[in-house]
S.K.: 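Quick one: the structure is below, and I'll ask about it shortly.
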Amino acid sequence: MNKNLSPEKEKSKSLDGSDQVAVRKDKLDRMREMGIDPFRSNWDQTHVSIEAVSLLQEDEELGPEVSVAGRIIAFRLMGKASFIKILDRAGKIQSYVRKDEIGEDEYALFKKLDLGDFIGIRGPLFRTKTGEVTIRAQEYRLVSKALRPLPEKWHGLTDNEQIYRQRYLDLVVNDDSRERFRARSKIIREIREFFWSRDFLEVETPMLQSVSGGAAARPFRTHFNALDCDFSMRIALELHLKRLLVGGFDRVFEVGRVFRNEGLSRRHNPEFTMLEAYQAYSDYRGMMELTQSLIQQVAQNALGSLTLDRTGGEPIELSGKWREAKYKDLIIDAVGRDDWFELPKVAKLEKAKELKIEVDPALEDFEVTNDVFEKVIEHTLIQPTFVTHIPRELCPLAKITEADSSTIDVFELCINGQEIAPAYSEQNDPAVQREAFMKQVGEETQELDDDFLTALEHGMPPAGGMGMGIDRLVIFLTNAANIRDTILFPTLRPS
RNA sequence: GGGUCGGUAGCUCAAUCGGUAGAGCAGUGGCCUUUUAAGCCAUUGGUUCCGGGUUCGAGUCCCGGCCGGCCUACCA
């Protein structure tokens, strides 16, 4: 609002209806003059919307009295009677409000309500002539005033920026968004149920770490004043969960936020939710069974289906036994050469150019191959696929395959053309682990976590471990277009 | 970071070659006691993202900036 306007001018402006906020504030002022302050009101509910609607059987015309509360999202005023629709946490319910039933004065006030206001309503249920279960209001009360208008009712809110910055508006007016976040919550709940049912212990490990390891990503750095030392936000859960294996908690999992100081994209948010689980006396084969069962159970219980619609493509089929494919076979198939792994780097770069993918010539040999995997193969793996026998250089935390020392006992589960969950037979030989770490510290952003190596020296049971990007899981389970549609408050540049 | 497209009323969108910035919803006033995007009549509302420039004249063209979408890069 323009602060330079004189009070008189502001008042006259408020009366013309052009400034909706001023009109609503004026309504609030008038109510207060009459001794009503909606911000000090409350309301006892007996039901939520959907519950109330379900009380009336198909063939019934009249039902019991209910009391509900919520936000007005539709207002159809017809002289001496009105229909309104209110939204609560469960859904929507309609109410029919008549002047001759609530009284003349109350009805006059009722007509001054605005879309977005919170009200409580009490009255018996009935069925309208079009069949909609509706509350016949005996009493209503404004319990909180909305001073700003809601976005338009029909198109909802479509402006991405506003959807992300003012998520509350998106949730009020966009049904699909509300449903997607409900689904996300249910998915995470089902993940927990799954692990609890298998006797895993849910734990919490530090987000603030002096050394952030377990992945090769740049961390966010911060400073802890009391100790006058630098800390990093965690980039993975792995190294602390393994310390717990050392400590004897031999089935643990954590669902938590990790932070990576990297770029933003349709599939990357700097803070995202990771699941990691470690099971002693298991290995990557055990993790394969666990991961498949987990996703199938979560999909079945949270969504009620194992077949997932996908915009612009074939549906994803989660039932049955999932495909397994060796990394090397996928590469050889993609490049069309059996001798790919024997080729010198120059020849590999040449072939990459033929495949029309950009590869930095400074990369190591195995990185060139991995570029082929990520740029040519990964996006084609729509149906669940466990990619196995991955080159050892790509992961320093896994055990080397016994029969082939060039690969590790690992799988990468790909679904919907993205990597969803890697899992390993975890490396528990402290000497081999230290060597692998040292090699990475030399060339990557990996930091050496000495305390973790000390823990390993105390002995870690053999174990299988699995990590899963929950946001990416939610993307394909809910058929979302963008990781930001699965995170309530995604990271944006400050406005 | 690079490329590209966009930012117009509270919301969703128009605006021809550079020529008075409009509509629907919402709001305001009125009619209407079973509506379903309720309907009918009347009506208010604009720093066209910001700052420069070209021009008689800029929402429109040019330059710079801000914010965002998509692609791309970085990213186990």
Side-chain angles (χ1 to χ4, degrees), chain A residues 2 12-24 26-27 73-85 92 94-101 107 111-112 114-116 126-132 134 136 146-166 169-170 172-174 213-219 235-236 238 260-270 272 357-358 360 366-367 370 373-375 378 390-391 393-398 408 410 412 419 421-422 424 440 444-446 467 469 481-482 484 490 492-495:
Chain A
N2 192 331
S12 68
K13 198 166 156 41
S14 77
L15 294 174
D16 67 10
S18 66
D19 185 341
Q20 300 192 37
V21 176
V23 169
R24 287 173 182 228
D26 187 58
K27 286 178 179 176
I73 53 159
F75 206 124
R76 290 187 280 276
L77 204 138
M78 304 169 300
K80 301 182 183 66
S82 305
F83 284 96
I84 60 169
K85 196 154 276 187
K92 300 167 186 173
Q94 180 171 261
S95 180
Y96 180 51
V97 182
R98 293 168 58 116
K99 184 178 179 176
D100 59 7
E101 287 180 357
Y107 194 72
K111 287 202 289 188
K112 293 288 179 191
D114 287 303
L115 286 170
F126 76 106
R127 194 178 290 278
T128 64
K129 70 181 181 189
T130 55
E132 181 163 352
T134 301
R136 192 175 194 106
L147 294 175
R148 292 176 185 270
L150 289 173
E152 197 224 20
K153 59 186 172 188
W154 184 242
H155 300 90
L157 191 61
T158 63
D159 177 55
N160 280 301
E161 187 169 357
Q162 213 172 346
I163 284 174
Y164 300 141
R165 289 194 198 276
Q166 294 182 277
L169 293 179
D170 172 48
V172 172
V173 300
N174 292 336
R218 292 205 304 264
I235 56 174
E238 181 150 1
R260 294 186 181 180
N261 205 340
E262 313 280 358
L264 294 157
S265 85
R266 207 155 53 91
R267 291 172 172 182
H268 298 84
N269 196 66
F272 60 101
I357 58 168
E358 268 184 59
D360 181 353
F366 73 92
E367 292 174 307
N370 203 45
F373 180 80
E374 286 178 1
K375 290 174 181 170
E378 190 174 317
I390 289 166
E393 296 88 346
L394 289 173
C395 177
L397 290 154
I408 40 179
V410 166
E412 295 266 10
E419 179 201 326
Y424 321 146
Q440 278 237 325
E444 297 268 351
T445 45
Q446 183 86 253
N482 192 310
R484 287 180 164 176
L492 296 176
R493 189 180 293 281
S495 51

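For clarity, every value in this text was computed on a predicted model and none was experimentally measured. Below, read A as the first sequence line, B as the second, and so on, with proteins coming before strands; counting in each chain starts at 1.
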S.K.: Which comes earlier along RNA chain B counting from the 5' end, the contact point of A/Pro151 or that of A/Ala81, where each point is its nearest nucleotide?
M.R.: A/Pro151

S.K.: Looking at B/G1, which nucleotide sits across from it as a Watson-Crick or G-U wobble partner, both distances under 3.5 angstrom, or is there none?
M.R.: B/U72

S.K.: Where do N or O atoms of nucleotides 21-24 of chain B meet protein N or O atoms at under 3.5 Å, pair by pair?
M.R.:
unit_1, atom_1, unit_2, atom_2, d
B/G24, N2, A/Glu152, OE2, 3.2

S.K.: Closest to the A/Thr128 side chain: B/G29, B/U35, B/G68?
M.R.: B/U35

S.K.: Are A/Leu394 and A/Phe366 close enough that some pair of their side-chain heavy atoms sits under 4.5 Å apart?
M.R.: yes

S.K.: B/U12, OP1 or OP2 - any side-chain N/O from A/Thr158 closer than 4.0 Å?
M.R.: yes

S.K.: Can you tell me how far P in B/A23 sits from the matching atom in B/U44, rounded to whole Å?
M.R.: 10 Å

S.K.: Which residues pass the ring pair (Phe, Tyr, Trp, His ring centres under 6.0 Å) test with A/Phe272, not counting sequence neighbours?
M.R.: none

S.K.: Measure from the side-chain heavy atoms of A/Ala216 and tell me the nearest of B/A73, B/U34, B/A76.
M.R.: B/A76

S.K.: Could you tell me whether the phosphate oxygens of B/U28, OP1 or OP2, come under 4.0 Å of any side-chain nitrogen or oxygen in A/Lys27?
M.R.: yes

S.K.: P atom, B/G51 versus B/C13: distance in rounded Å?
M.R.: 25 Å

S.K.: Identify, with sequence neighbours excluded, every residue that meets side chain to side chain donor-acceptor pair (under 3.5 Å) alongside A/Glu101.
M.R.: A/Arg136

S.K.: Under 4.5 Å between any side-chain heavy atoms of A/Asn482 and A/Asn160, yes or no?
M.R.: no

S.K.: Hey, which sits more toward the 5' end of RNA chain B by its nearest nucleotide, A/Pro494 or A/Gly263?
M.R.: A/Pro494

S.K.: Give me the distances for all protein-to-nucleotides 38-43 of chain B N/O pairs that come in under 3.5 Å?
M.R.:
unit_1, atom_1, unit_2, atom_2, d
B/A38, OP1, A/Lys153, NZ, 2.4
B/A38, OP2, A/Arg76, NH1, 2.2
B/A38, N6, A/Leu77, O, 3.3

S.K.: Using purine N1 to pyrimidine N3 plus N6-O4 or O6-N4 for Watson-Crick, or N1-O2 and O6-N3 for G-U wobble, each under 3.5 Å, what pairs with B/A42?
M.R.: B/U28

S.K.: Between A/Lys99 and A/Lys111, is a side-chain contact (heavy atoms from CB on, under 4.5 Å) present by the stated rule, with each step listed?
M.R.: CA-CA 10 Å; A/Lys99 184 178 179 176; A/Lys111 287 202 289 188; over 6 Å; no

S.K.: In the structure I gave you, are the side-chain heavy atoms of A/Pro270 and A/Leu264 within less than 4.5 Å of one another anywhere?
M.R.: yes

S.K.: Check every strand shown and say whether A/Gln162 touches a base, only sugar-phosphate, or nothing at a heavy-atom separation below 4.0 Å.
M.R.: sugar-phosphate

S.K.: Measuring to OP1 and OP2 of B/C11, would you say a side-chain N or O of A/Arg148 lies under 4.0 angstrom away?
M.R.: no

S.K.: Apply side chain to side chain donor-acceptor pair (under 3.5 Å) to A/Arg24 and list each qualifying residue two or more places apart in sequence or on a separate chain.
M.R.: none

S.K.: Would you say A/Arg24 places a side-chain N or O within less than 4.0 Å of OP1 or OP2 belonging to B/G27?
M.R.: no

S.K.: Syn or anti for B/C25? Use the chi torsion, O4'-C1'-N9-C4 for purines and O4'-C1'-N1-C2 for pyrimidines, with syn inside 90° of 0.
M.R.: anti

S.K.: From C-beta outward on A/Glu132, which listed nucleotide comes closest to its side chain: B/U35, B/C11, B/A73?
M.R.: B/U35

S.K.: Please give, in whole Å, the distance from B/G1 P to A/Arg218 CZ?
M.R.: 12 Å

S.K.: Could you give the NE2-to-C1' distance, from A/His268 to B/C70, as a whole number of Å?
M.R.: 16 Å

S.K.: Determine the interatomic distance between C1' on B/G59 and the same-named atom on B/G46; round to the nearest Å.
M.R.: 11 Å

S.K.: Could you work out, with side chain to side chain donor-acceptor pair (under 3.5 Å) as the rule, every residue matching A/Ser82, not counting sequence neighbours?
M.R.: A/Tyr107

S.K.: On a whole-Å scale, what distance lies between the C1' atoms belonging to B/C56 and B/C61?
M.R.: 16 Å

S.K.: Can you figure out which of B/A73, B/A76, B/U34 approaches the side chain of A/Ser265 most closely?
M.R.: B/A73

S.K.: Scan A/Lys92 against the nucleic acid and name what it touches under 4.0 Å (heavy atoms): base, sugar-phosphate only, or nothing.
M.R.: nothing

S.K.: Between B/G45, B/U34, B/U28, spot the one nearest the side chain of A/Phe126, thanks.
M.R.: B/U34

S.K.: Please determine, for the side chain of A/Leu157, which listed nucleotide (B/U12, B/A76, B/C75) has the closest atom?
M.R.: B/U12

S.K.: Side-chain N or O of A/Arg266 versus OP1/OP2 of B/C71: is the shortest distance under 4.0 Å?
M.R.: yes

S.K.: What's the gap between B/G24 and B/C31 when it is taken at their P atoms, as a whole Å value?
M.R.: 22 Å

S.K.: When you compare B/G27 with B/A38, how far apart are their P atoms, in angstrom units rounded to a whole number?
M.R.: 11 Å

S.K.: What integer number of Å spans the P atoms of B/G22 and B/U16?
M.R.: 13 Å

S.K.: Among residues at least two apart in sequence or on other chains, which ones pass salt bridge (Lys or Arg N to Asp or Glu O under 4.0 Å) with A/Lys85?
M.R.: A/Glu132

S.K.: Any side-chain heavy atom of A/Leu115 sitting closer than 4.5 Å to one from A/Lys153?
M.R.: no

S.K.: Which nucleotide, in any strand shown, forms a Watson-Crick or G-U wobble pair with B/C17, with both distances under 3.5 Å?
M.R.: none

S.K.: Look at the side chain of A/Lys80 and decide which nucleotide, out of B/C74, B/C32, B/G68, has an atom nearest to it.
M.R.: B/C32

S.K.: Consider the side chain of A/Asp159, meaning its heavy atoms from C-beta on, and name the nucleotide among B/U12, B/U33, B/G68 that approaches it most closely.
M.R.: B/U12

S.K.: Are side-chain heavy atoms of A/Tyr424 and A/Glu238 found at a separation under 4.5 Å?
M.R.: yes

S.K.: Of all the nucleotides listed (B/U33, B/U35, B/A76), which has the minimum atom distance to the side chain of A/Arg98?
M.R.: B/U33

S.K.: Quote, to the nearest angstrom, the C1' distance that separates B/C17 from B/U60.
M.R.: 11 Å

S.K.: May I ask you to verify if any side-chain N or O of A/Gln20 is less than 4.0 angstrom from the OP1 or OP2 atom of B/G45?
M.R.: no

S.K.: Got a sec, which residues hit ring pair (Phe, Tyr, Trp, His ring centres under 6.0 Å) with A/Phe83, two or more places apart in sequence or on another chain?
M.R.: A/Tyr96

S.K.: Can you find a side chain N or O atom of A/Asn482 that sits less than 4.0 Å from OP1 or OP2 on B/C70?
M.R.: yes

S.K.: Both distances under 3.5 Å, Watson-Crick or G-U wobble: report the partner of B/U12, or none.
M.R.: B/A23

S.K.: Once side-chain contact (heavy atoms from CB on, under 4.5 Å) is applied, do any residues pair with A/Arg267, and if so which ones, sequence neighbours excluded?
M.R.: A/Ser265, A/Gln418, A/Arg472

S.K.: For B/U33, does either OP1 or OP2 sit under 4.0 Å from a side-chain N or O belonging to A/Lys99?
M.R.: no

